[in-house]
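Notes for the one structure printed next.
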There are 2 protein chains.
Amino acid sequence: MKYSTICPKFEKAISLLSQRWTGLVIYQLLLGTQRFSEIQSAVGISGKVLSDRLKDLESQGIVKREVFPETPVIIEYSLTEKGHAMAPVLKEIENWSQHWVTSEEDASHELD
Amino acid sequence: MKYSTICPKFEKAISLLSQRWTGLVIYQLLLGTQRFSEIQSAVGISGKVLSDRLKDLESQGIVKREVFPETPVIIEYSLTEKGHAMAPVLKEIENWSQHWVTSEEDASHELD
DNA sequence: ATAATCTAGTTACTTTATGTAACCAACTAT
DNA sequence: ATAGTTGGTTACATAAAGTAACTAGATTAT
């Protein structure tokens with residue numbers, strides 16, 4: 001049904017970033033290795049969706065998951081090289097947002 | 001409920017690109033002014049969602065809509081300056097996709 | 001005159017994605 | 001025994017997206 005003329009690799013990348021939260025999760029992990037609950041509270045995402053996203057990103061080789069069987073268990077998430085390579089994308093989004101998003105139209109009202 | 005520590009402007013930009021199709025529509029319009037049905041077939045999006053996205057992008061000053069009352073009517077969509085400023089973002093996504101998305105994991109199987 | 005064609009959508013309906021809140025296992029501290 | 005900890009999962013509700021049929025207003029074909 002869909003007959004896009006657009007490069008499949010590009011489409012794949014776009015569809016990744018088109019999933020809600022994926023961009024923010026990667027952005028957050030660019031700050032360094034983090035645990036589940038840290039990402040959750042920093043990004044403001046539900047446990048369910050964060051769990052989905054991390055599994056997805058892991059299966060695509062963008063995020064690495066490490067288990068430390070302490071008590072309570074510690075699980076650390078970090079970016080792989082492929083994930084770190086996303087940095088310029090996020091940087092450009094940030095750059096655009098600073099130049100073009102006015103404070104009246106930002107998303108802060110969505111934090112009620 | 002949501003307490004993100006992330007810059008509201010950045011969040012706004014990310015939430016824009018996190019909407020399915022938005023990135024592809026902007027990418028397509030970077031090629032130049034286009035009509036509804038051109039975008040539709042190039043991107044492989046339904047009329048309903050394209051209509052939604054274009055209204056959205058227009059209301060955010062990213063897309064410009066021009067009506068030519070010929071018969072049948074011609075409606076042209078193009079990027080504003082704010083829209084064109086998205087080019088580096090899309091360029092970086094393209095760049096990442098060429099380096100990191102393998103042909104086995106691309107999105108072409110979604111075109112059945 | 002009537003039917004078919006064109007563009008740029010809209011409408012009703014179905015399926016998928018996301019949000020919400022309660023819950024779980026395993027272990028520790030009290 | 002009870003509560004607290006982490007990193008989730010589950011069931012259910014709502015929102016977003018996909019599908020296909022349909023519309024307006026004008027033209028063209030039969």
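On a predicted model such as this, the values are computed, not experimentally measured, just so you know. Within every chain, numbering begins at 1; the chains are lettered A, B, ... in the order of the sequence lines, protein sequences first and strands thereafter.
- Rounded to an integer number of Å, the gap from A/Phe36 CZ to D/dG8 C1' is 6 Å.
- Annotation: A/Lys82, atom NZ; neighbour count of heavy atoms from other residues, nucleotides and ligands within 6.0 Å is above 12.
- Close to D/dG8, at under 4.0 Å from its OP1 or OP2, lies a side-chain N or O of A/Tyr77.
- Side-chain N/O atoms of A/Gln60 and B/Glu105 include no donor and acceptor closer than 3.5 Å.
- For DNA chain D, the residues of residues 63-75 of chain B within the heavy-atom distance limit of 4.0 Å (strictly under) are B/Thr71, sorted by number.
- Computed from coordinates, the A/Arg20 CZ to D/dT14 P distance equals 17 Å when rounded to whole Å.
- For A/Tyr77 and A/Glu66, the side-chain atoms include no donor-acceptor pair closer than 3.5 Å.
- In this structure, of D/dT19, D/dA17, C/dT18, it is D/dT19 that holds the atom nearest to the side chain of B/Ser46.
- At whole-Å resolution of the value, CG in A/Leu50 and C1' in C/dG19 are 14 Å apart.
- Between the CZ atom of A/Arg53 and the P atom of D/dG8 there is a distance of 15 Å, given to the nearest Å.
- Here the nucleotide nearest the side chain of A/Lys55, chosen from D/dA17, C/dT20, D/dT9, is D/dT9.
- Atom CD of A/Glu81 has 12 or fewer heavy atoms from other residues, nucleotides or ligands within 6.0 Å.
- Of the possible donor and acceptor atoms, none in the side chain of A/Ser97 sits under 3.5 Å from a partner among the backbone N and O of B/Ala13.
- Between A/Arg35 and the phosphate of D/dT6, there is no side-chain N or O to OP1/OP2 separation shorter than 4.0 Å.
- One interatomic measurement links the two molecules: CG of B/Asp52 to P of C/dT11, which rounds to 11 Å at whole-angstrom precision.
- In this structure, the CD atom of B/Glu38 is 10 Å from the P atom of C/dT7, given to the nearest Å.
- The line from CD of B/Glu11 to CG of A/Leu24 is 6.0 Å long, rounded to the nearest 0.5 Å.
- In terms of phosphate contacts, A/Trp21 brings a side-chain nitrogen or oxygen within less than 4.0 Å of OP1 or OP2 of C/dG19.
- A/Gln19 places its CD atom 12 Å from the P atom of C/dG19, with the value rounded to the nearest Å.
- A residue-by-residue look at B/Ser37 and A/Gly47 shows that B/Ser37 has its nearest nucleotide of DNA chain C further toward the 5' end.
- When only modelled atom types and interatomic distance are considered, A/Gln34 and A/Glu76 share no side-chain donor-acceptor pair under 3.5 Å.
- Set against D/dG8, C/dT11, C/dT18, the side chain of B/Lys48 has C/dT11 as its closest nucleotide.
- The nearest whole Å value for the distance from the CG atom in B/Asp56 to the P atom in D/dA16 is 11 Å.
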